[in-house]
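Contents: one structure, followed by commentary.
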Amino acid sequence: MIIVVGAGPAGLAAAKSAASKGCHVTVIDSQARGGGQYWRHQTEVSGYKSNRSIDYLHELQQNILITHITGAQVWSAEKLGDGYQLNYLQGGVEKKISGQKIILTTGAYDRTLPFPGWTTSGVMTPGGAQSLLKGHGVVAGKTIVVSGTGPFLLPVATALAKNGARVEIIEAQSPLRWALSPLALLLNPGKFPELIHYVSAILRLKIKVSFGSAVTGYHNGEVNISKVRSNLSIRKKNVRSATADVVATGWGFLPDVTLGGILGCAQTLDRDETVIFAVDREQRASVQNIWIAGEATGIGGADLALAEGAIAGLSAAGSRIPMALIWKRFTKRLFARALQRSYPVGAGWQQWLTDETVICRCEEVSCQEVIESVQELGAEDARTSKLFTRAGMGLCQGRVCSRNVSDLVASTTKCAVSRNERLAASNRPIAAPISLGVLGDGIAG
């Protein structure tokens with residue numbers, strides 16, 4: 001049996017391709033319905049090229065070779081004989097599942113950057129706003145500023161506007177940066193209709209768009225907007241303000257590498273120093289009988305995730321990989337690298353901070369406390385700063401703040417963040433929070 005962890009585009013493509021070769025597949029996912037963040041648990045999805053979801057979700061629901069376990073949060077994994085055992089929580093009860101082969105498609109989550117007011121009511125990530133809308137039909141607010149960088153801002157903003165919100169987009173980078181990647185654009189002509197789709201929607205919905213700008217403060221419904229350089233340092237501070245009851249701000253995505261890390265799969269750093277998994281041409285990880293596809297091998301969007309998932313599923317089933325699929329993955333990876341060049345997230349955001357700005361929201365650790373851990377207590381890296389301040393020791397275990405803490409400590413010490421520190425900050429012995437009571441009951445049972 002093949003176990004697919006995650007039911008986003010990569011997981012659905014992996015399950016479909018493996019089942020097409022006669023393999024029994026179990027898809028395990030934390031949500032109630034398949035689709036992941038991108039297709040968000042709906043049988044029909046509105047938006048650009050939304051009809052792609054129908055075939056994959058139909059396979060998940062109707063194919064007798066595919067078993068779908070929902071509402072299951074995998075919290076750990078271990079080698080078991082010739083296969084693997086996954087431990088998960090479902091309805092507050094700990095359960096286990098075993099299989100000979102695993103395909104990890106664990107996806108990613110929004111990357112956040114701190115700024116004064118980012119922990120106050122009304123501030124969320126674009127993914128959070130999308131989740132409310134797609135998952136529950138709830139528009140986050142009446143007046144919404146969608147800010148940060150990356151193409152993900154476009155579907156979020158247009159969807160919110162279509163559902164009645166007054167929306168403004170604040171994009172930190174210039175669209176002219178796409179001139180740095182002519183080959184990626186040439187080999188991905190399908191992206192031009194997508195761009196036209198969103199530009200038309202923005203014009204039709206009268207969404208205001210500002211480039212080279214960022215939200216650098218939010219207080220009592222007032223948004224402070226500054227002009228920024230490509231490295232996110234401030235060119236002109238507080239050039240204007242806007243009124244909004246919600247600020248949805250995000251800076252791309254961070255892959256969820258925890259489960260693969262627990263299983264010992266080799267990791268590396270992407271070009272932007274994001275921690276990802278190292279895989280071969282058939283999406284195999286360094287550990288036998290484990291394949292990894294989607295954002296965990298590099299942030300690249302749904303098109304790349306679908307290609308990688310299909311390749312992983314065929315490889316796990318022992319089937320030949322068509323050259324057309326390999327070529328598709330190549331062109332989509334080329335586009336993913338273009339995204340990194342077009343929407344970089346530099347260290348200039350640290351100029352936005354005040355001494356009181358919260359860096360770790362779980363433990364309420366301020367910017368000043370992190371800096372003092374270096375200047376007064378002698379911390380030389382993020383791990384030592386964490387021991388002094390508790391930054392990263394909260395419920396999220398550093399998923400939100402660890403990279404920001406590392407960058408802030410590095411700027412204070414004038415030393416670059418090491419490769420080992422990046423890798424260590426992204427790995428945890430437990431993949432999801434679990435209470436000792438539930439854990440004890442599960443083992444005893």
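If you're wondering where the values come from, they're calculated on a predicted model, not measured in any experiment.
- Qualifying salt bridge (Lys or Arg N to Asp or Glu O under 4.0 Å) partners for D381, counting only residues two or more places apart in sequence or in other chains: none.
- Under the rule for a salt bridge (Lys or Arg N to Asp or Glu O under 4.0 Å), the partners of E168 that lie at least two apart in sequence or sit in another chain are R240.
- More than 12 heavy atoms of other residues, nucleotides or ligands sit less than 6.0 Å from atom CD of E282.
- Atom CG of D355 sits in a crowded spot, with more than 12 heavy atoms from other residues, nucleotides or ligands closer than 6.0 Å.
- Counting heavy-atom neighbours within 6.0 Å of L180 CG, excluding the residue itself, gives a total above 12.
- In this structure a side-chain-to-backbone donor-acceptor pair under 3.5 Å is present from S17 to A14.
- The ring-ring contact (aromatic ring centres under 6.0 Å, His included) search around Y218 returns none, not counting sequence neighbours.
- Classification of the W251-W352 ring pair by plane angle, with boundaries at 30° and 60°, yields tilted.
- Between the side chain of R399 and the backbone N or O of C396, at least one donor-acceptor pair lies under 3.5 Å.
- The stretch residues 326-338 participates, sequence neighbours left out, in these side chain to side chain donor-acceptor pair (under 3.5 Å) pairs: N188-K332, Q283-R329, Q283-R333, E308-R333.
- Checking Q267 against N427 by side-chain atom types alone, a donor-acceptor pair falls below 3.5 Å.
- W349 pairs by the ring-ring contact (aromatic ring centres under 6.0 Å, His included) definition with nothing, not counting sequence neighbours.
- The backbone N or O of E222 lies less than 3.5 Å from no partner atom in the side chain of S241, so there is not a single donor-acceptor pair.
- For F335 and W178, the ring centers sit closer than 6.0 Å to each other.
- Residue H58 places its NE2 atom among 12 or fewer non-hydrogen atoms of other residues, nucleotides or ligands, all under 6.0 Å distant.
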Which pairs would a plain distance check flag for residues 114-121, meaning a side-chain donor or acceptor within less than 3.5 Å of a matching protein atom at least two apart in sequence or in another chain?
residue: W118; atom: NE1; partner: V358; partner atom: O; Å: 2.7
residue: T120; atom: OG1; partner: G117; partner atom: O; Å: 2.6

